[in-house]
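Nothing here was measured: the structure is a model prediction, and the numbers come from that model.
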Amino acid sequence: MLAELFAVMAPVLIVAGIGYGWARSGQPYPTEFIARLVLNIGTPSLVLSTLSRTEIDRHAFGQLAIACLLVMLAMGLVGSLLSRAFKQDWRILVPAYLFPNSGNMGLPIALYAFGEQGLALAVAFFLVLSVGHFSLGLLLSGSERSPKRLLANPIIISLALALPLVIWDIELPRWVANTLGLLGGMTIPLMLLTLGVSLASIRVHHLGNGMLLGALRIFCGAAVGWLVGWMLDLSPLAQGVLVMQSAMPVAVFNYLFAVRAGRSPEAVASLVLCSTLLSFVWIPLLLAWWLPALR
């Protein structure tokens, strides 16, 4: 079991560690360019490639999309309640609890832990969450106010292109599938490298508060994911993916949005860094508990 867990987490830790070491050594890393490349080309290609080559249970795919919406609503409520309890600005804490790092960390872990079927289900969660993150998340952070730019977001466009593949089981031409596979293959490594670089660039204040609220984010996320999966009577695989995705740490994009809006980026940085560090312990524990149930 330890060897299996190490095989799942090692690629994530090693590639993110390379990004962290690269940034700490003073080497240049074009974060903005890489982020745009991943967002505009890599992620849409990964979504379309994954959905076109994987046999998908449409019912399970739809259930996970619905489950993501329910998890978001519940975690938004948790964030609102905690912002009052800890006297925090809700515009900082609610987005942090609403939007976990289901891309940089969630997709690789789903792939290595649950295989191609798990990745396809994780993509359903990621698509719904990303639509919310790059629309509602941008509005909550105050970093975007233009509806036209929100509708032109590549994640939303990729969702519109991906849905027909799932609903009508459309098979892409081989040359298109190969091209998407090649472009999509760069996405996860670049996501993890950027995650490491981003963590290296964050300067944290109020570490204790960040550790507490970060821990509550990943623990509550796992609990809410399990509860929603139980309510929807998901299969063990779908529920495992849902729990893992819901338990991810605060997304790095929350920090980038806070910087862009000038809204307490140090507090958001603390949540991102602390929840990410804690997740390196929490996620293996969840996998150790969940993977034997899939045997």
Query raised in the report: Are the side chain of S130 and the backbone N or O of L127 linked by a donor-acceptor pair below 3.5 Å?
Result: no

Query raised in the report: CG/N209 to CD/Q88 distance, rounded to the nearest 0.5 angstrom?
Result: 5.0 Å

Report task. Decide if atom CD of Q27 counts as having more than 12 heavy atoms of other residues, nucleotides or ligands within a radius under 6.0 Å. Result -> yes

**Report entry** Sub-4.5 Å side-chain heavy-atom contact between I283 and M248
**Finding:** yes

Report task. Kindly say whether W282 contributes a backbone atom to a donor-acceptor pair with the side chain of S279 at under 3.5 angstrom? Result -> no

Query raised in the report: Is it true that a side-chain atom of S275 and a backbone atom of V250 form a donor plus acceptor pair closer than 3.5 Å?
Result: yes

Query - Verify same cluster id: L213, L77 (apolar side-chain graph, 4.5 Å) - result: no

Report summary line: ring pair (Phe, Tyr, Trp, His ring centres under 6.0 Å) filter on Y97, not counting sequence neighbours, yields none

**Report entry** V176 with L182, same ILVMFWY side-chain cluster at under 4.5 Å
**Finding:** no

Query raised in the report: When you measure from the side chain of W290 to the backbone N and O of P236, does any donor-acceptor pair fall under 3.5 Å?
Result: yes

**Report entry** Minimal non-hydrogen separation, V243 against G225, with atom names
**Finding:** CG2-C, 4.0 Å

Requested in this report: Flag yes if M75 and L81 sit in one hydrophobic cluster, no otherwise; membership is Ile, Leu, Val, Met, Phe, Trp, Tyr, and two members link when side-chain heavy atoms are under 4.5 Å apart.
Outcome: no

Report task. Establish whether V78 and L69 are linked, either directly or via other cluster members, by ILVMFWY side-chain heavy-atom contacts under 4.5 Å. Result -> no

**Report entry** Gap separating the CG atom of L46 from the CG atom of L190, nearest 0.5 angstrom
**Finding:** 11.5 Å

Query raised in the report: Hey, does the side chain of Q239 reach the backbone of W226 with a donor-acceptor pair shorter than 3.5 angstrom?
Result: yes

Requested in this report: State, to 0.1 Å, how close L192 and P11 come at their nearest heavy-atom pair, and which atoms those are.
Outcome: CD1-O, 4.2 Å

Report summary line: In terms of heavy-atom contacts, F61 and A120 come closest through CE1-O, 3.7 Å

Query raised in the report: Which is it for L70 and L232 under the side-chain contact (heavy atoms from CB on, under 4.5 Å) test, yes or no, and what are the steps along the way?
Result: CA-CA 10 Å; L70 294 176; L232 295 178; 4.2 Å; yes

Query raised in the report: Minimum heavy-atom separation for A222 to L286, with atom names?
Result: CB-CD1, 4.0 Å

Query - Working for side-chain contact (heavy atoms from CB on, under 4.5 Å), residues L93 and L271 - result: CA-CA 9 Å; L93 207 55; L271 291 170; 3.9 Å; yes

Query raised in the report: Does some side-chain heavy atom of L121 sit less than 4.5 Å from a side-chain heavy atom of F114?
Result: no

Report task. Could you tell me whether a side-chain N or O of S80 sits under 3.5 Å from a main-chain N or O of G76, the two making a donor and an acceptor? Result -> no

Report task. Specify the closest pair of heavy atoms between V38 and T187, including all atoms of both residues, with the distance to one decimal. Result -> CG1-CG2, 3.9 Å

**Report entry** Rounded distance (nearest 0.5 Å) linking atom CD1 of I34 with atom OG1 of T31
**Finding:** 8.0 Å

Query raised in the report: Taking all atoms of both residues into account, what is the closest heavy-atom pair of L107 and L119, and its distance?
Result: O-CD1, 3.7 Å

Query raised in the report: Side-chain heavy atoms under 4.5 angstrom apart, residues restricted to Ile, Leu, Val, Met, Phe, Trp, Tyr: same cluster for F33 and L183?
Result: yes

Report summary line: Exactly one of F126, F99, F125 clears ring pair (Phe, Tyr, Trp, His ring centres under 6.0 Å) with H133, and that residue is F99

Requested in this report: Flag the pair L287 / M244 as yes when at least one side-chain heavy-atom distance between them is below 4.5 Å, and no otherwise.
Outcome: yes

Query raised in the report: Within a strict 4.5 Å, meaning less than it, do heavy atoms of the F86 and L216 side chains meet?
Result: yes

Query raised in the report: Do the side chains of R217 and L278 get nearer than 4.5 Å, heavy atoms only?
Result: no

Query raised in the report: Is there a side-chain contact (heavy atoms from CB on, under 4.5 Å) between L193 and I18 once you walk through the steps?
Result: CA-CA 7 Å; L193 286 171; I18 290 173; 3.9 Å; yes

Query raised in the report: Between atom OG of S102 and atom CD1 of I109, what is the distance when rounded to the nearest 0.5 Å?
Result: 11.0 Å

Query - Atom pair CG/SG of L212 and C274 - distance to nearest 0.5 Å - result: 10.0 Å

**Report entry** Sub-4.5 Å side-chain heavy-atom contact between L111 and E116
**Finding:** yes

Report task. Show the numbers, then the answer: is there a side-chain contact (heavy atoms from CB on, under 4.5 Å) between L129 and M72? Result -> CA-CA 8 Å; L129 188 87; M72 287 174 62; 3.8 Å; yes

